[in-house]
Amino acid sequence: MGRTLLSLVGLLFLSCHASITGAKKGVTVEAKGAKLHAKYRDPKQPIDVRIQDLLGKMTLEEKVGQMAQLERQNLTADIIKNYFIGSILSGGGSSPKKNANVEDWVDMVNNFQNAALLTRLGIPMIYGIDAVHGHNNVVNATIFPHNVGLGVTRDPLLVKKIGAATALEVRATGIPYAFAPCIAICRDPRWGRCYESYSEDHVIVQEMTQIIEGLQGEVKTDMKGMPYVLGKKKVAACAKHYVGDGGTVKGINENNTIVDQAGLFGTHMPAYLNSLAKGVATIMASYSSINGVKMHANRDLLTGFLKEKLGFKGFIISDWEGIDRITYPPHSNYTYSIQASILAGVDMVMIPYNYTEFINGLIDLVKKNVIPMSRIDDAVTRILRVKFATGLFENPLVDYSLINKVGCMKHRTLAREAVRKSLVLLKNGKPGKPPVLPLPKNANKILVAGTHSHNLGYQCGGWTIEWQGVSGNNWTAAGTTILNAIKATVDKSTQVTYRKNPGKNFFKKNNFDYAIVVVGEVPYAETRGDSQNLTIPDPGPNIIQNACKAIKCVVVLISGRPVVIEPYLDTMDALVAAWLPGSEGQGVSDVLFGDYGFTGKLARTWFKRPDQLPMNHGDPNYDPLFPFGFGLETKPTTQHNKRIEL
Ligand code: GLC
């Protein structure tokens, strides 16, 4: 038996042995797939040479397997091996176990990867997750403000640093791919996902695509659509949801965006050009439609414009069961869903569970020449290009070396800075009265009231630990509620009283110097956040009225978007829009008490009444309560000019 063959057999045994035992905790097991000396295994070869070499070796089954992304639940090593699965995801809240630690994540990803490396060609799988405001599925991760607040900062450098911090925490758990950023242009706050949008204004959203360079690495020249991921501390990003997801009728999620060419290419599209210039590795198709054409079946925009006209070279991924929803009822003609989406240009399909139906269905359509092999080869070429660019072939397995990055103080300090800059001061003192903010730290007795003043889950919002978000403080040891932040800020001599939901009588028996009232929306995600009335949920309005009619009050509003506040505005002495600030509530008290000044300017129009919607700056009859760009300022009482360097 020749040396080469012997060494190959030996290696095969080694790799099997290593993978069957599974990667020992924290140990990087050198995974060696078959055909070690093939060109596609050689990192010195140009990526396209490696792709063509590998593609030429692949069977139809192996190619179609690369196009399938399955959810981690119920997934086994056998499924990965037998169906040559190319990608796995954690849907919102899908973690290895409840309160999983970072090691649990690393071990889970390594175990799936070892199964993928056992396949004939040893193609590594790519694991994806929604890290949309930090690594938000992971307990103790740094939770940054949602995009609705980051757009207010108008600080691309800050957002780029947030991308870099997020990439580090995602990689620390062994994951090389994040379904972020959402670059939707939310044109109607009735949309349940408006908080995932940086702004109603595409120019701000274009600036915020800097986060892609934080996530993937800084490009030196225009990447012109070529995927670019710089090493083991960066992740492949995903600009989503292509295109026009934020422009649907009445903000109804996944609905129809009726738009002319100017609206489509002038408002909803520009940020995708910025994303391609920054080398975004993947783009996710939107559930929504453009002028009645489902985006998941929209060949003109997926292939004609994005791939052929703009030259996008990464891969297009469907949304969760996105191809099923091409038809109504969803999944009512799955063969058509597969045919329409793949022919339109979708390259990888997020099939949480019914993978055999997809894989067998697609193989059948290729064998019947309904879908040409050239389309499959194009999709697999794009997927392999991203996998090579992400370094997965050289480093398919991970160790524990980055685990201390998750929730580290440097990231929390950065998040605290982002919170400060995301706050918008909408009112500061009643007419003819002096400003209320910044508040004195040395008051005798203050009240902190409201359902959102001591609830980490509420201040983080949706897409946090669970898909729909959580309530309470017991899901993470780290993170600071607004109440605890205030307690840490005021003088020791100041008595801080906390009441979640104080009634009228409570104020008759107590005299406070002032009250800080923190109320707002409870967490939601996607369609569950759609709202036609945009009211502050009870008991928020009552708490505002009870407190503000009794004593001087500063209202801090926790919400994913502008909500109805006009009826209560006159009773408030001051009003702060804090959006969904995330884990670092200290950033709120930093500004309330003058350690930093208010600088934030609205990145969204604040309407008077929902019947005015949709209403965006530049519209005729523009009659907001607070216009786009509005924000009062205060001077800090202490000087700070140190920027956080990551
Ligand atoms: C969801 C969302 C998308 C997310 C995906 C995976 O339905 O639309 O933003 O990336 O599924 O969780």
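When a ligand or atom number is given, it counts from 1 through the structure's own listing order.
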Where on R193 is there a heavy atom closer than 4.0 Å to ligand 1, on the side chain, on the backbone, on both, or on neither? side chain
Tell me, which protein residue and heavy-atom name are nearest atom 1 (C) of ligand 1, and how many Å apart are they? E526 OE2, 3.2 Å
What are the atoms of ligand 1, with element, lying closer than 4.0 Å to any heavy atom of H241? 3 (C), 8 (O), 9 (O)
Verify the distance criterion only: is there a donor paired with an acceptor across the side chains of T535 and N533 at less than 3.5 Å? yes
At a 4.0 Å threshold, what atoms of ligand 1 neighbour a non-hydrogen atom of F179? 10 (O)
Under 4.0 Å, heavy atoms only, figure out whether ligand 1 is touched by the backbone of Y287, its side chain, both or neither. side chain
Suppose we measure from atom 11 (O) of ligand 1 to each protein heavy atom; which comes out shortest, and what is that distance? D319 OD1, 3.0 Å
Under a plain distance cut-off of 3.5 Å, with no hydrogens placed, do H411 and E169 share a side-chain donor-acceptor pair? yes
When the ring planes of F179 and Y177 are compared, do they come out parallel, tilted or perpendicular, using 30° and 60° as the limits? perpendicular
Among T282, D319, D245, D130, find the residue that satisfies the side-chain hydrogen bond (donor to acceptor under 3.5 Å, both in side chains) test when tested with K240. D130
Please identify which atoms of ligand 1 are closer than 4.0 Å to at least one heavy atom of W320. 7 (O), 11 (O)
Would you call the rings of Y458 and H452 parallel, tilted or perpendicular, where under 30° means parallel and over 60° means perpendicular? tilted
Roughly how far apart are N74 CG and Y353 OH, rounded to 0.5 Å? 7.0 Å
Would Y524 and Y195 count as a close aromatic pair, with their ring centres under 6.0 Å? yes
Hey, what's the ring geometry for Y127 with F112, parallel, tilted or perpendicular (30° and 60° as the breaks)? parallel
Does ligand 1 have any atom that is closer than 4.0 Å to a heavy atom of M350? yes
Report yes if some N/O of K240 lies less than 3.5 Å from some N/O of ligand 1; otherwise report no. yes
Of all the non-hydrogen atoms in the protein, which one sits nearest to atom 10 (O) of ligand 1, and at what distance? D130 OD1, 2.5 Å
By number and element, which atoms of ligand 1 are closer than 4.0 Å to a non-hydrogen atom of M284? 3 (C), 10 (O)
